[in-house]
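Working notes, structure below.
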2 protein chains.
Amino acid sequence: MMSQSTERLRRYLDDELGECRSEDVDRRLDELGALETALGSDRVGTELDVLSALANETRLTLVRALVAAGEELCVCELDAIVDVSESAISHALSTLSEAGLVEGRKDGRWKKYRATNRAVALVTVLDGSIGESGVAHTGTARPDDE
Amino acid sequence: MMSQSTERLRRYLDDELGECRSEDVDRRLDELGALETALGSDRVGTELDVLSALANETRLTLVRALVAAGEELCVCELDAIVDVSESAISHALSTLSEAGLVEGRKDGRWKKYRATNRAVALVTVLDGSIGESGVAHTGTARPDDE
DNA sequence: CCGTCGATTGAGACATCATTCAATTGTCTT
DNA sequence: AAGACAATTGAATGATGTCTCAATCGACGG
């Protein structure tokens, strides 16, 4: 049975095209399906991991600090940056590590973390994309995708 | 009173520098504080909104689709892309809109959304930053579906 | 070795979130 | 004007996530 959504899409295309044959609907469904699976679903999973890892004040602050520092920082130093328990920092670093945003190295009884290239790239773009006062006037800037 | 964390930092610097005066600790605390507040906390709030908006499968898929489409899409078309209720899509688009990632336009009784420049920038970098495993061809990614 | 300290782990409490259902708004059609 | 339909909104609920506390692991020094 044809789903309701498909029915609505048919009416929409009918509106847009002036007319609408069922093959138009099918073609459009194909195109939309292509948009959905434009890149592998495993990749989407990874991207969600990365975004979820960054979407938290504690973790974002830690990543920011490590990127800004440009060098590895000891956990005890990170402790001075965010205002949560030491345990929370450890959890946060674990999540970030799994997302490939930081890397840890043990040095004696201290442990040092540094931001990965991935983290640097994302934080950089985040700054550029957010900071420049003003969201996207729809026409002006042109991020020409090639 | 000196927090425990500060005590630990002192011991750490003692280890690293071989010696440690209390002014070294204070200086390091200053440096770390500078990292923390490297950019305004209001900005961090905005960034968290953006990241949180993207850190969800439904919303990320919608943004991806709109970016890939390169043009505005009707809600009824988006409905064919993600597998949630129409209400959920509306909620998702609302969240994305607040985060400045999509913009909506009403056209008759249909409503069309398109990705903002911010969304394009973020999705682009996300793609580039994630596909790290030996990516030589930077052009249109062509992930063979499994 | 034993005790201390840095750091991590697990469990539980608490908050936040994502989705669906039901009701509503606004537009078009007849 | 009334009904149909696209889309949004609000409330409720089940699921996730985040933090703290307590216990544990590993490395170091006496």
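Worth knowing before you read on, the calculation uses all heavy atoms, side chains too, and leaves out hydrogens, waters and symmetry mates. By convention in this document, chain letters (A, B, ...) are assigned in the order of the sequence lines, proteins followed by strands, and residues within each chain are numbered from 1.
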Whichever of B:Lys111 and A:Thr95 has the more 5' nearest nucleotide on DNA chain D, that residue is B:Lys111
Contacts satisfying salt bridge (Lys or Arg N to Asp or Glu O under 4.0 Å) that involve residues 83-94 of chain A (not counting sequence neighbours) are A:Glu86-B:Arg8
### Query
What do you reckon, is CD of B:Glu57 surrounded by more than 12 foreign heavy atoms closer than 6.0 Å?
no
**Report entry** Salt bridge flag under 4.0 Å for residues A:Glu16 and B:Lys112
**Finding:** yes
- request: Establish, with yes or no, whether the OP1 or OP2 oxygen of D:dC5 is under 4.0 angstrom from a side-chain nitrogen or oxygen of A:Arg8.
  value: no
Under a 4.0 Å heavy-atom cutoff, the residues of residues 76-94 of chain A touching DNA chain D are A:Val84, A:Ser85, A:Ser87, A:Ala88, A:His91
Output, in order, the C-alpha distance, side-chain angles, deciding distance and verdict of side chain to side chain contact (heavy atoms under 4.5 Å, CB included) for B:Leu78 and B:Leu66. CA-CA 9 Å; B:Leu78 295 172; B:Leu66 287 169; 4.1 Å; yes
Run the side chain to side chain contact (heavy atoms under 4.5 Å, CB included) check on A:Arg28 and A:Asp24 step by step: do they pass?
CA-CA 6 Å; A:Arg28 190 53 177 162; A:Asp24 291 326; over 6 Å; no
**Request:** For residues A:Trp110 and A:Glu77, determine if any side-chain heavy atom of one lies less than 4.5 Å from a side-chain heavy atom of the other.
**Result:** no
Here the distance between atom C1' of D:dA6 and atom NZ of B:Lys112, to the nearest Å, is 13 Å
Below 4.0 angstrom, N of the basic side chain to O of the carboxylate: do B:Glu47 and B:Arg43 qualify? no
Lys/Arg-Asp/Glu bridge criterion (N-O < 4.0 Å) met for A:Glu31, A:Arg27: yes
Students should find that the nucleotides of DNA chain C closing off the region near chain B, any atom under 4.0 angstrom from a heavy atom, are C:dC5 to C:dC28
- Below 4.0 Å: OP1/OP2 of D:dT18 and any side-chain N or O of A:Thr58: no
Kindly list each side-chain donor-acceptor pair under 3.5 angstrom involving residues 88-99 of chain A, sequence neighbours excluded, with atom names and distances?
unit_1: A:Thr95; atom_1: OG1; unit_2: A:His91; atom_2: O; d: 3.2

Exercise for the section: Could you go through the side chain to side chain contact (heavy atoms under 4.5 Å, CB included) check for B:Val44 and B:Glu36 one step at a time? Expected result: CA-CA 11 Å; B:Val44 173; B:Glu36 180 191 4; over 6 Å; no
With sugar-phosphate taken as primed atoms, P, OP1 and OP2 and all else as base, the protein-contact string of nucleotides 25-30 of chain D at under 4.0 Å (heavy atoms; B, S, -) is -SSS--
Between CD of A:Glu7 and P of D:dA4 the distance, given in whole Å, is 16 Å
B:Leu62 CG to D:dT8 C1', in whole Å, measures 15 Å
(message) Using side chain to side chain contact (heavy atoms under 4.5 Å, CB included), reason through A:Leu126 and B:Leu51 one step at a time and then give a plain yes or no.
(response) CA-CA 9 Å; A:Leu126 209 51; B:Leu51 290 168; 3.6 Å; yes
>> For A:Asn117, is the CG atom crowded, meaning more than 12 foreign heavy atoms sit under 6.0 Å from it?
In response: no
| Is there a donor-acceptor pair under 3.5 Å between the side chain of B:Arg59 and the backbone N or O of B:Ser52? | yes
Atom CG of A:Leu48 and atom P of D:dT16 are separated, to the nearest Å, by 14 Å
By nearest-nucleotide position on DNA chain D, the 5'-leaning member of A:Ser52 and B:Cys74 is B:Cys74
Numerically ordered, the residues 96-105 of chain A set in heavy-atom contact under 4.0 Å with DNA chain D is none
